[in-house]
Amino acid sequence: ETNRWTRVAPINVAAVSEIYQIVCALETVAILAAGPHLTREDLEAMTEANGQLRVALANGMGADASDADSRFHDTFVHKCGNSHLIRIMEDLRAKLRRAEIAYFGGAIVAAASADDHEQVIAALRRGAYDEAAAVVRANWDGSLERLMRSQGASGSQTGEDHSAGARQP
């Protein structure tokens, strides 16, 4: 309310779920397109980002973990060769930022994402692009499931917050 208080809207898990479905589908397309074009340096950048994700998780730094996760995914998204997909993904990732920080703030829950990333990198190194795409899909599906469980356990709202007029994740 103006000149009185600031209210942070709870994470809208229903809205996040809708965005996760789109991101999952688009990243599956992106990794299949990018796979043959990823260089050794790209794979090293993904490995480094995943290492930074693990460190941030171990230290309970949700924002840093979210940034590292974004760098991991952005590496292959930016190599997909589709400028429209890249722009759409940037928009969707911005919309997910709060939910991602909340997710990565629960280090025990989010550690599975770093394990998934290792599987993606291993598949890419072998040229197993379909396998990498399947792991990316499983990563998003699993992350959504873990986010929903963690938000439910903490009592966060899963629907829209009509009282605060908030509609964003």
Side-chain angles (χ1 to χ4, degrees), residues 11-57 61-107 109-151 158 168-169:
I11 292 172
N12 181 338
V13 178
V16 169
S17 175
E18 291 177 358
I19 296 171
Y20 265 46
Q21 291 172 20
I22 298 165
V23 169
C24 178
L26 292 177
E27 280 202 3
T28 300
V29 170
I31 202 158
L32 289 169
H37 306 290
L38 292 169
T39 64
R40 182 176 319 163
E41 291 79 16
D42 294 326
L43 296 175
E44 288 306 315
M46 291 170 71
T47 300
E48 182 177 328
N50 201 44
Q52 292 168 347
L53 171 60
R54 287 195 186 278
V55 168
L57 290 172
M61 300 184 313
D64 290 348
S66 178
D67 289 343
D69 181 71
S70 290
R71 283 192 303 278
F72 175 88
H73 290 267
D74 287 348
T75 301
F76 66 82
V77 168
H78 283 94
K79 291 292 270 219
C80 77
N82 185 323
S83 62
H84 298 284
L85 188 148
I86 293 166
R87 278 195 306 276
I88 292 166
M89 286 298 302
E90 288 170 352
D91 177 60
L92 292 173
R93 292 290 291 196
K95 290 178 180 177
L96 288 176
R97 179 80 173 140
R98 270 188 61 230
E100 293 279 299
I101 291 170
Y103 171 72
F104 286 115
V109 180
S113 287
D115 296 340
D116 290 344
H117 292 176
E118 287 180 10
Q119 292 178 38
V120 169
I121 295 165
L124 290 171
R125 288 190 195 281
R126 293 192 311 275
Y129 308 126
D130 288 335
E131 180 184 336
V135 177
V136 165
R137 177 172 290 283
N139 177 251
W140 281 103
D141 289 344
S143 294
L144 177 59
E145 181 182 318
R146 291 183 294 270
L147 175 67
M148 290 173 72
R149 274 197 320 259
S150 71
Q151 292 302 298
T158 58
Q168 58 183 322

Report summary line: Output for pair (Thr75 OG1, Glu44 CD), nearest 0.5 Å, gives 11.5 Å
Query raised in the report: Of all heavy-atom pairs between Tyr129 and Leu32, which one has the smallest distance, and what is that distance?
Result: O-CD2, 3.5 Å
Report summary line: Between Cys80 and Ala33 the two heavy atoms that sit nearest each other are O-CB, 3.6 Å
Query raised in the report: Can you find a heavy atom in the side chain of Asn139 that is under 4.5 Å from one in the side chain of Val120?
Result: no
Report task. Might you point out which heavy atoms bring Ser66 and Arg93 nearest each other, and give the distance in Å? Result -> O-NH2, 4.3 Å
Query raised in the report: Would a distance-only check, ignoring hydrogens and angles, find a side-chain to backbone donor-acceptor pair under 3.5 Å from Asp42 to Thr39?
Result: yes
Report task. Answer yes when Asp91 and Arg87 have at least one side-chain N-carboxylate O distance shorter than 4.0 Å, and no when they do not. Result -> no
Query raised in the report: Looking only at heavy atoms, what is the nearest atom pair of Ala65 and Leu53, with distance?
Result: O-CD1, 3.4 Å
Report summary line: All heavy atoms of Arg137 vs all of Ala25, minimum pair found to be NH2-CA, 4.2 Å
Report task. Using the side-chain contact (heavy atoms from CB on, under 4.5 Å) rule, take Asp67 and Arg71 through it: C-alpha gap first, then chi angles, then the decisive distance, then the call. Result -> CA-CA 6 Å; Asp67 289 343; Arg71 283 192 303 278; 3.7 Å; yes
Query raised in the report: Can a salt bridge be assigned to the pair Asp115 and Arg54 using a cut-off of 4.0 Å between side-chain N and carboxylate O?
Result: yes
Query raised in the report: Under 4.5 Å between any side-chain heavy atoms of Leu43 and Arg125, yes or no?
Result: yes
**Report entry** Gap between atom CG of Asp74 and atom CE of Met46 - 0.5 Å precision
**Finding:** 10.5 Å
**Report entry** Steps toward side chain to side chain donor-acceptor pair (under 3.5 Å) verdict (Asp116, Ser113)
**Finding:** CA-CA 5 Å; Asp116 290 344; Ser113 287; 5.1 Å; no
Query - Asp69-His117 side chain donor-acceptor pair, cut-off 3.5 Å - result: yes
Requested in this report: Take Asp64 and Gln52 through the side-chain contact (heavy atoms from CB on, under 4.5 Å) test and state the conclusion after the steps.
Outcome: CA-CA 8 Å; Asp64 290 348; Gln52 292 168 347; over 6 Å; no
Query raised in the report: Just by distance, with hydrogens left out, do Asn50 and Thr47 show a side-chain donor and acceptor under 3.5 Å apart?
Result: no
Query raised in the report: How many angstroms lie between CZ in Phe76 and CD1 in Ile121, if you round to the nearest 0.5 Å?
Result: 10.0 Å
**Report entry** Approximate separation, where rounding is to 0.5 Å, of Ile31 CD1 and Glu131 CD
**Finding:** 10.5 Å
Query raised in the report: Roughly how far apart are Leu26 CG and Gln21 CD, rounded to 0.5 Å?
Result: 12.0 Å
Report summary line: Between the CE atom in Met89 and the NE2 atom in His73, the distance rounded to the nearest 0.5 Å is 8.5 Å
